[in-house]
Amino acid sequence: MSRSRLFQPFTVRNRRTVALILLMFALYSTLSVALSIRATGRSRHRAVVVQVAARQRTLAERYVTDVLLARDGMPSDPASTASLLSESADVLINGGEAPAVDGDDDETDLPPADGAVVRLQLRQAQLLVHDLIDTGNAVLAKESVDSLPERASEDITTDDPVQRLRILSAMTSNVSLNVARTIAVTTDENIAALIRLQMVLGAVGVLAALLLGWALIAAIRRQTAHFRSLVTASTDLVLVFDNNGCRYASQSVTSMVGKSEADLRGRAFAQFVHDNDQTMVQLACLRGQPREFIFRMRNRLGEWRDLEGHLTDLREDRQVRGVVLNARDITERVKLEEELTRHAFHDGLTGLANRALFRDRLDQALARSTRASSPFAVLLVDLDSFKEVNDSLGHDAGDRLLQEVARRFAGAIRVSDTLARLGGDEFVLLLDDGREADAEAAARRLLASLAEPVSVAGRDLTLGASIGIALHAGGPGDSEDLLRHADVAMYAAKEAGGGQSQVFRDAMGRELGEMLGLQHELRQGLQRGEFVVHYQPAIAIDTRAVIGVEALVRWQSPTRGLVPPDRFIPVAEASGLIHGLGEFVLQTACMQASQWGADGLLPENFVTWVNVSGKQLSAGHFSAIVRRALHAAQLDPSRLGLEVTETAIVTEGPSGERARDELKEIHDLGVLVALDDFGTGFSSLGQLRRFPIDVIKVDRSFIQGAEHDAKDAAITANVASLAHALGLVAVAEGIETERQLTLAHEFGCDVAQGYLFARPAPAHEVSALLAEALTVADTRPTS
Amino acid sequence: MVLGQVNAVGKRRCPWAAVALVAVIITAACGSSEPAAQGTAVKVVESDFEIKVQTNVTAGDVVLMVHNQGPDDHELIVVPAPVGELPMRGSGLTVAEESFKPEPLGVLEPGAPGSDRRLQLHLQPGRYVLFCNMSGHYLGGMHETLVAS
């Protein structure tokens with residue numbers, strides 16, 4: 001249905017129906033009037049017949065009088081009366097001109113008698129008239145009446161001619177009256193029949209008209225309802241405008257703005273339209289042009305809704321006489337479009353700009369800087385220990401933490417600055433016109449915004465952040481370089497302990513560049529299997545027997561050659577690669593120990609020692625990793641020892657606490673624990689009692705220094721005696737000469753380790769050594 | 001006008017009320033039936049100018065089934081048969097009905113030719129005269145005797 005049709009409730013079909021009803025009424029009226037005219041005409045004729053028939057009665061009585069007067073010689077004219085009687089009787093039956101009586105009546109034209117009963121009665125009257133005249137003639141002639149015929153089946157018993165005349169006259173006048181009455185009754189019946197017919201016709205007409213009218217109204221109602229539902233029930237807004245402004249507003253409009261239609265009439269409608277759109281909408285609704293436009297309207301809640309309007313110019317349409325505005329709420333669509341645009345340039349989690357938008361802004365800033373030599377700064381922010389939150393509290397908590405951080409950062413910056421999330425826990429801030437002082441101030445604000453603990457998953461977390469600042473003095477530049485510089489500076493800040501900012505310097509770039517390169521290669525190396533585990537035997541000083549090995553990781557880099565652990569372990573720890581690397585060493589060592597055991601190469605109480613980083617201990621779940629490694633290798637826990645540095649377990653705070661708990665749990669499994677590099681940390685000797693420790697390894701510097709330095713010698717002796725006092729085993733590391741071995745023995749060390757006995761070697765070499773040692777042990781009793 | 005009426009009736013009312021109204025009008029235009037009479041049926045035929053009826057009838061409740069063959073209209077009056085002739089009025093043309101006290105046993109007013117009428121009577125054993133008292137008809141031969149026993 002076209003829009004213009006909406007305003008024409010009468011369709012062609014319905015107009016035909018109306019015409020049909022009118023035609024039927026006309027036919028009925030014509031029929032009714034024709035019937036009435038015919039009935040009236042017949043009634044008029046009958047009235048004349050009645051009049052003539054009634055006159056017969058008078059004539060019959062007059063005839064008797066005339067006959068009796070004539071018989072007695074008085075002047076009278078019975079023959080004339082008889083003639084009138086006879087003629088009238090004929091005319092009444094057959095029609096024709098009724099004779100006038102004494103000039104009283106005009107000659108009357110009669111139709112032939114109508115109706116069987118009337119004709120029979122008139123016939124009887126005629127017969128009686130003839131009998132009457134015969135009897136009259138007999139009276140006048142003074143003849144007998146015995147032989148006279150009785151035409152009308154009468155059975156008159158009297159012989160008196162006058163009595164017979166009177167009887168026949170009475171009968172004639174009686175039948176004449178009856179004819180008149182019959183005609184009257186017939187007329188009444190005809191009129192009643194006519195009335196009935198009229199009533200039935202009328203009733204049928206009314207019924208038909210009602211049914212047709214009802215059907216028509218139902219059709220109109222359906223159509224109107226259809227129209228109404230299109231206009232009112234639809235969510236589309238429908239408005240009609242004329243020169244005086246709004247003339248009609250559909251229900252959807254009134255319910256949208258929360259005003260009655262009267263409040264929208266005329267110029268009032270414009271107040272609901274956005275200021276910027278008012279003129280356009282008013283002009284369009286006045287002119288009917290343009291046909292389509294988008295505008296904003298305020299709804300009952302005061303929100304601006306985006307509407308798509310279509311105009312239909314129906315000013316020439318007599319049904320409408322106005323410009324019809326159909327408008328559809330497209331707010332959701334507009335929002336969706338904005339949302340899609342936003343998604344392309346915004347981070348879904350935090351709503352901040354994403355990497356793409358940031359790069360775009362950065363390129364713009366560079367272009368501006370190239371033109372105007374304006375400075376700007378890039379601040380790269382990385383949350384400290386975010387990974388731990390994510391690991392321990394789950395990703396949902398991590399996401400909420402990032403959202404809160406984003407909210408705080410957004411509150412700490414200027415509107416003109418661009419804050420973006422690059423991914424993970426990495427944020428970046430672009431400071432337009434930012435010099436070093438501005439950038440450092442911004443960094444301080446960001447750090448300050450994290451001072452308040454963040455409440456996530458029912459825990460209050462205090463987060464730090466490391467911020468790297470890259471400054472661009474002005475002029476051309478490269479966005480990649482800027483981001484890399486900020487990254488390097490951020491690493492420097494992290495290296496310096498986190499919770500601070502660092503401005504990028506060229507020197508920093510070289511150092512950190514080297515470190516980052518190493519980190520990259522480490523990761524690759526781990527994946528490519530460039531790491532191997534070597535084993536260095538430990539010797540019981542008194543028996544010179546091999547009682548254990550220390551597993552040491554070696555990195556055979558294809559580009560760097562053999563890289564010493566002190567070169568790559570710190571990098572692995574800083575990057576988190578230590579976890580994967582540590583697990584690799586642990587598993588390999590356990591498998592090897594198990595293999596040796598299966599090969600029957602291991603003496604009693606032989607322990608394989610594995611170094612564990614403090615990072616591994618404090619990350620949590622390390623006891624589970626150890627259990628898994630033992631289980632996988634089918635290794636008795638007492639065959640495994642873990643070496644930890646004292647810094648790893650004496651650290652204060654949650655991470656130190658966690659490390660101690662983990663260590664306790666592992667120790668409870670039966671795994672031995674050695675305190676490595678003892679003497680280099682800050683732990684007091686008294687603290688040793690608190691830790692689950694079986695072995696103390698005296699740092700090589702003390703053993704090697706003891707040869708020349710009395711102080712070192714004293715320390716070593718003290719440590720060893722303390723160890724013994726606590727029921728621990730003391731191990732001397734780094735024994736390279738017989739002299740050092742002798743000293744270690746003198747100091748009271750139980751076990752020695754060093755090049756004097758064996759360098760760290762691949763597993764197969766150690767296997768050979770172990771086999772040889774077994775042979776020595778076997779042969780010793782015989783030697 | 002019809003549309004206006006329907007609108008006035010109501011929104012969704014169907015026109016069956018109007019149909020019923022029309023049906024009532026049509027029914028009212030037609031006639032109604034008479035109550036039935038009880039007793040021994042006796043056929044009486046009137047014509048110009050004669051009455052035909054059986055001579056004897058069992059006394060008690062009697063219903064005269066009167067048919068007028070016409071062509072004239074006729075009455076039917078029933079009276080106990082007197083000794084001799086029926087008394088006549090002064091004109092000598094009609095029977096003096098009023099002389100029967102308190103009134104004639106049965107009277108049917110003039111009936112049109114072709115009509116059928118009923119006259120309910122309770123007849124004691126005896127003789128009765130049936131006649132038409134329209135002017136001249138009695139003398140013209142319209143009388144008959146009925147014996148109830």
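Naming: A, B, ... by sequence-line order, numbering from 1 per chain. Since the model is a prediction, treat every value here as computed from it, not as a measurement.
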- Message: So, taking the atom named CG in D155(A) and the one named NE2 in H143(B), what distance separates them when rounded to the nearest 0.5 Å?
- Response: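 Those atoms lie 7.0 Å apart.
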
- Nearest-0.5 Å distance that lies between atom CG in L139(B) and atom CD in E154(A): 12.0 Å

- Contact part of L128(A) toward chain B, heavy-atom cut-off under 4.5 Å: side chain, backbone, both or neither?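 Interface part for L128(A): side chain.
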
- Task: Examine whether an atom of T182(A) lies under 4.5 Å from a heavy atom of chain B, and if so say whether it belongs to the side chain, the backbone or both; otherwise answer neither.
- Result: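 Contact with chain B involves the side chain of T182(A) alone.
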
- Message: Shorter than 4.5 Å, heavy atoms on both sides: which option in A112(B), G140(B), G141(B) has the most such pairs with chain A?
- Response: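 Most heavy-atom pairs under 4.5 Å with chain A: G140(B).
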
Heavy-atom neighbours of [X] [atom1] exceed 12 at 6.0 Å:
X       : atom1 : answer
R89(B)  : CZ    : yes
R151(A) : CZ    : yes
E98(B)  : CD    : yes

- Task: Could you check L177(A), L120(A), N178(A) and say which one makes a side chain to side chain contact (heavy atoms under 4.5 Å, CB included) with D72(B)?
- Result: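 Testing each of L177(A), L120(A), N178(A) against D72(B), the sole residue satisfying side chain to side chain contact (heavy atoms under 4.5 Å, CB included) is N178(A).
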
On a heavy-atom basis, which atom in [X] and which in [Y] lie closest, and how many Å separate them?
X       : Y       : value
R166(A) : S91(B)  : NH2-O, 2.7 Å
P113(B) : V117(A) : CG-CG1, 3.2 Å
R181(A) : P110(B) : NH2-CB, 3.3 Å
I167(A) : G136(B) : CG2-O, 3.8 Å

- Item | D48(B) and Q124(A): side chain donor to acceptor below 3.5 Å | yes

- Task: Between chain B and each of A125(A), A116(A), A152(A), count heavy-atom pairs under 4.5 Å; write down the option with the most.
- Result: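 Top option by heavy-atom pairs under 4.5 Å: A152(A).
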
